[in-house]
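Both counts, for ligands and for their atoms, begin at 1 and track the order of listing. Remember, predicted model here, so these are calculated numbers, not experimental data.
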Amino acid sequence: MIDLHTHTNESDGSYTPAELIDHAVALKLEALAISDHDTFAGYDRAIRPAADAGLDLVCAIELGARSTGPPRRTVHLLGYFLHKPPSSEFRAWLDELLASRRERNLRLIGKLQSMGVEIALKDVEGIGRTLTGRPHFARVLVHKGYAANSEEAFRKYLGESASAFVERQQPDASMGIQQILAGGGLPVLAHPGRLNIRDPEIEQHLISGLKDAGLRGIEVFHSDHQRSEVERYDRLAKKYGLAMSGGSDFHGDAKPRISLGTGVDGNVNVPKSILEKLRQVQ
Ligand code: AMP
Ligand code: FE
Ligand code: FE
Ligand code: ZN
């Protein structure tokens, strides 16, 4: 069993890179990809412990982007096997993403404060490392008693239809795909089931548009995917000539229902052959 989608505390996971490697080794995973949002910091810190433990560690990243549409949606892109060290162009592009997050975070703090929530940017940045995202805001809101749990914090304040929502500048999906390709990586559509597109024609239109923009793979196995979704994305992968990927999207205590390797109640079990095929198409 392998896991090709995980997060460390360098983005919005709770495990340190070394703890994540220990956990993967204890579970006897045959390979692990660290796919933090917008940063390689977690992967970089995991290289040594993974090598010491003889674990096959895969470099990856996860990026938020906007599909061209219709429908215009936030899609998550995974990039695998990027050049290390990344080119100066790719690093500069990631720095822009981090800067736009910081700008969003400032506006989000302003909006929360205007609603009477006592929260300061330093409270939130204090618990983030390379990146401070909405999950960090959720943790602070829970800690301060403004929400009972993370879900409620998103429902009341942070989610797309919630009162304090502030949109973040995100690159177009075609730009994200091109940046991953230019960085030597394999662009893969993450957790398509989460897009929640009911109309199969619209869903296929979105996927074929991404394929035309250079997408090379699709995440078929994921903690959020029901069995019917796994079957559908398996079919669509074959239809559009996309490689299959899969992982738990482990975030540690930040998403306690998801277990490394096996997802939610054992709904994920990715065989090593998936990684071998991804390496072949790369
Ligand atoms: P950000 O990139 O800072 O805008 O935060 C996005 C992250 O917040 C996603 O990757 C999810 O992990 C998390 N997230 C987004 N919406 C929700 C939600 N409704 N409930 C819980 N977590 C969410
Ligand atoms: Fe996340
Ligand atoms: Fe994601
Ligand atoms: Zn993820």
Side-chain angles (χ1 to χ4, degrees), residues 3-15 20 32-43 58 60-66 73-80 94 96-109 111-112 121 124-125 127-142 147-171 176 188-196 218-219 221-225 245-260 263-264 268 270:
D3 196 329
L4 299 180
H5 190 158
T6 70
H7 297 270
T8 74
N9 68 341
E10 291 294 342
S11 68
D12 57 356
S14 72
Y15 280 42
L20 184 59
L32 176 81
I34 291 182
S35 55
D36 275 320
H37 304 280
D38 303 354
T39 177
F40 294 117
Y43 168 80
V58 176
I61 201 158
E62 184 173 18
L63 307 166
R66 298 288 286 172
R73 290 291 179 97
T74 290
V75 296
H76 285 186
L77 297 168
L78 291 158
Y80 289 108
L94 289 182
E96 276 176 38
L97 297 183
L98 292 175
S100 82
R101 278 183 177 280
R102 204 180 145 76
E103 189 265 333
R104 186 277 310 263
N105 290 348
L106 276 167
R107 287 191 293 140
L108 181 49
I109 285 289
K111 205 151 171 186
L112 286 166
L121 189 57
V124 193
E125 290 192 333
I127 58 167
R129 284 178 58 88
T130 303
L131 172 156
T132 305
R134 280 184 289 158
H136 299 102
F137 281 80
R139 251 193 274 169
V140 173
L141 290 169
V142 171
N149 51 44
S150 176
E151 285 70 37
E152 191 178 285
F154 271 91
R155 204 166 50 242
K156 278 172 72 175
Y157 298 103
L158 306 169
E160 277 187 36
S161 41
S163 50
F165 180 69
V166 177
E167 188 151 5
R168 173 162 69 89
Q169 279 294 325
Q170 288 183 328
V188 170
L189 176 63
H191 43 65
R194 223 188 256 173
L195 293 169
N196 211 10
I218 183 165
E219 192 173 46
F221 312 102
H222 184 273
S223 296
D224 283 358
H225 286 176
S245 181
S248 65
D249 210 352
F250 182 71
H251 281 69
D253 306 329
K255 292 189 182 176
R257 277 164 43 78
I258 301 175
S259 299
L260 185 63
V264 176
V268 176
V270 184

Taking N or O atoms only and a 3.5 Å limit, does Arg104 qualify as a polar contact for ligand 1? yes

Taking 2.8 Å as the cut-off, does His5 contribute an N, O or S atom near the Zn ion (ligand 4), distance below it? yes

Would you mind checking which non-hydrogen protein atom is closest to atom 6 (C) of ligand 1, with the distance to 0.1 Å? Arg134 NH2, 3.6 Å

Just to be sure I read this right, does ligand 1 sit under 4.0 Å from the backbone of Glu151, its side chain, both, or neither, counting only heavy atoms? neither

Report the part of Leu158 in contact with ligand 1, treating N, CA, C, O as backbone and CB onward as side chain, heavy atoms under 4.0 Å; options are side chain, backbone, both, neither. neither

With a cut-off of 2.8 Å, does His7 place any N/O/S atom under that distance from the Fe ion (ligand 2)? no

Please work out, at 4.0 Å between heavy atoms, whether the side chain, the backbone, both, or neither of His37 comes within that distance of ligand 1. side chain

Tell me whether Asp12 has at least one N, O or S atom under 2.8 Å from the Fe ion (ligand 2). yes

Which residue supplies the protein heavy atom nearest to atom 9 (C) of ligand 1, what is that atom called, and how far is it? His76 CE1, 4.4 Å

Heavy-atom contacts under 4.0 Å between Arg155 and ligand 1: side chain, backbone, both, or neither? neither

Quick check: does His7 have an N/O/S atom under 2.8 Å of the Zn ion (ligand 4)? yes

Taking only non-hydrogen atoms of Glu160, do any sit less than 4.0 angstrom from ligand 1? no

Do any nitrogen or oxygen atoms of Thr132 lie less than 3.5 angstrom from nitrogen or oxygen atoms of ligand 1? no

Nearest-neighbour protein heavy atom for atom 13 (C) of ligand 1, which is reported as residue plus atom name and distance: Phe154 CZ, 3.6 Å

Which residue and non-hydrogen atom of the protein lie closest to atom 11 (C) of ligand 1, and at what distance in Å? Lys255 NZ, 3.8 Å

